[in-house]
Q: 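Shown below is the structure under consideration.
Chain naming here is simple, since letters A, B, ... match the order of the sequence lines and numbering starts at 1 in each. Scope of the values below: all heavy atoms of this structure, side chains included, with no hydrogens, waters or symmetry mates.
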Number of protein chains: 2
Amino acid sequence: MPFEKNASMGFVTNRLARLFAQHLHARIAPLGLAPAQFMTLLELWEGDGLTQAELTDRLDVEQATMANTLARMKRDGLIERTPHPQDRRAQLVWLTDKARSLEQPAKQAAHSVNQMALAGLGEADAAEALGHMNTMIESLREKPG
Amino acid sequence: MPFEKNASMGFVTNRLARLFAQHLHARIAPLGLAPAQFMTLLELWEGDGLTQAELTDRLDVEQATMANTLARMKRDGLIERTPHPQDRRAQLVWLTDKARSLEQPAKQAAHSVNQMALAGLGEADAAEALGHMNTMIESLREKPG
DNA sequence: TATATGAGGATAGCATGCTATGTAGATGGA
DNA sequence: TCCATCTACATAGCATGCTATCCTCATATA
């Protein structure tokens, strides 16, 4: 067969993603954060008052996934939601003080995981890898499903 | 802040892994397979009669994850389990004819997803990306947790 | 041999993600 | 104005993964 799992980009990507998630989880769990919550906060720290739909677009997850993540974040006191002033279907998502206070430590945690992963690569290698991965993302985004 | 999510290796890896999983899922679902089942079959097609512990080692997932995946595979008629002849705690995992018949079409599906992802890269680029990703995997494996 | 420790598995509980649906409000015509 | 269609969210159901426990059997050691 022409299929060698250790040379399969999909297989290797899955393994690497799980390792990243495990390390990130270990470092932000003490802050009371989970990985998807952190990812969502990255967007909100840039500016809150967004709708669920806007967050869904920017983070490239499905609407249902974001709905559940936001529900857990509200439960955990990281966000509040207010009615949208022009659209009664929508709500705006706002950061709590607690969530604001976590920006620096959480970003530091994520940064250190990235540094750990990149320890064996030079800066040029890292940029190269990132570039290739973004190329693959573009290729796979073209024809969804 | 020193953190730009679009330049974060962890962020990009997560996005790429989800895209791979979505495409693979779409292509093997018609065969009655899910991604983790396919990954497990890749090992078993090389030779069955393995214990859960051996599969856990080779695929780098946690024991509980493999236990659940094997339970679903048995439910779906992909594997059978027999008592280990020397160790009453363990069981051996065997492929069913159904699972054997899926080897070629499933590998072809996975291969085509990889090809699609690599469409924008030359062979040298792909090898380079794979190499860098394996380097990162090694770095993250060193200090678990 | 008796006991402590280890190894193989199963199960519970939870977070992420996805697809598929359902509901209510918004909107653009006929 | 009325209706078809769209859009914003919520919910259900399921697969993966992980950590934490628990049980049983295997093994090494006192």
Q: Please classify the nucleic acid contact of A:Ala36 as base, sugar-phosphate, or nothing, using heavy-atom distances under 4.0 Å.
A: sugar-phosphate

Q: Whole angstroms only, please: what is the CG-C1' distance between A:Asn14 and D:dG17?
A: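 The answer, rounded to whole Å, is 10 Å.
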
Q: From the options A:Leu78, A:Val93, A:Thr56, A:Thr65, select the one residue that forms a side chain to side chain contact (heavy atoms under 4.5 Å, CB included) with A:Leu70.
A: A:Val93

Q: Is there a path of hydrophobic side-chain contacts, each under 4.5 Å between heavy atoms, that joins B:Met116 and A:Ile137?
A: yes

Q: Do A:Gln52 and A:Gln63 get their side chains close enough for a donor-acceptor pair, meaning under 3.5 Å?
A: yes

Q: Before giving the answer on side chain to side chain donor-acceptor pair (under 3.5 Å), spell out for B:Asn14 and B:Arg18 the whole-Å C-alpha distance, their side-chain angles and the decisive distance to 0.1 Å.
A: CA-CA 6 Å; B:Asn14 171 273; B:Arg18 284 188 291 117; 3.0 Å; yes

Q: Closer than 4.0 Å, any side-chain N/O of A:Gln86 to the OP1 or OP2 of C:dG25?
A: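 False: A:Gln86 side-chain N/O out of range (4.0 Å or more) of C:dG25 OP1/OP2.
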
Q: So what does A:Thr51 hit on the nucleic acid, given a heavy-atom distance under 4.0 Å: a base, only sugar-phosphate, or nothing?
A: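 Here A:Thr51 touches the backbone only, sparing every base.
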
Q: Between C:dA15 and A:Arg75, is there an OP1 or OP2 to side-chain N/O distance shorter than 4.0 Å?
A: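 Yes, A:Arg75 has a side-chain N/O under 4.0 Å of OP1/OP2 on C:dA15.
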
Q: Check whether the side chain of B:Arg89 and the base of C:dA7 form a donor-acceptor pair under 3.5 Å.
A: yes

Q: Between B:Arg88 and D:dT24, is there a side-chain N or O to OP1/OP2 distance below 4.0 Å?
A: no

Q: So, the side chain of A:Glu103 versus the backbone of A:Arg100: is there a donor-acceptor pair under 3.5 Å, distance only?
A: no

Q: Quick one: label B:Arg72 by what it contacts on the DNA or RNA (base, sugar-phosphate, nothing), any heavy atom closer than 4.0 Å.
A: base

Q: I want to check one thing: is the phosphate of D:dA12, taken as OP1 and OP2, less than 4.0 Å away from some side-chain N or O of A:Asn68?
A: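 For A:Asn68, the contact criterion (side-chain N or O under 4.0 Å from OP1 or OP2 of D:dA12) is not met.
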
Q: OP1, OP2 of D:dA8 versus side-chain N and O of A:Arg81: anything below 4.0 Å?
A: no

Q: Stems in DNA chain C: runs of 3 or more consecutive Watson-Crick or G-U pairs, distances under 3.5 Å?
A: C:1-30 with D:1-30

Q: Is a donor-acceptor contact shorter than 3.5 angstrom present between the side chain of A:Gln63 and the base of D:dA10?
A: yes

Q: C:dG17, OP1 or OP2 - any side-chain N/O from A:Arg18 closer than 4.0 Å?
A: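 Checking A:Arg18 against C:dG17: no side-chain N or O falls below 4.0 Å of OP1 or OP2.
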
Q: Under 4.0 angstrom, heavy atoms only, what part of the nucleic acid is A:Asp76 near: base, sugar-phosphate, or nothing?
A: nothing

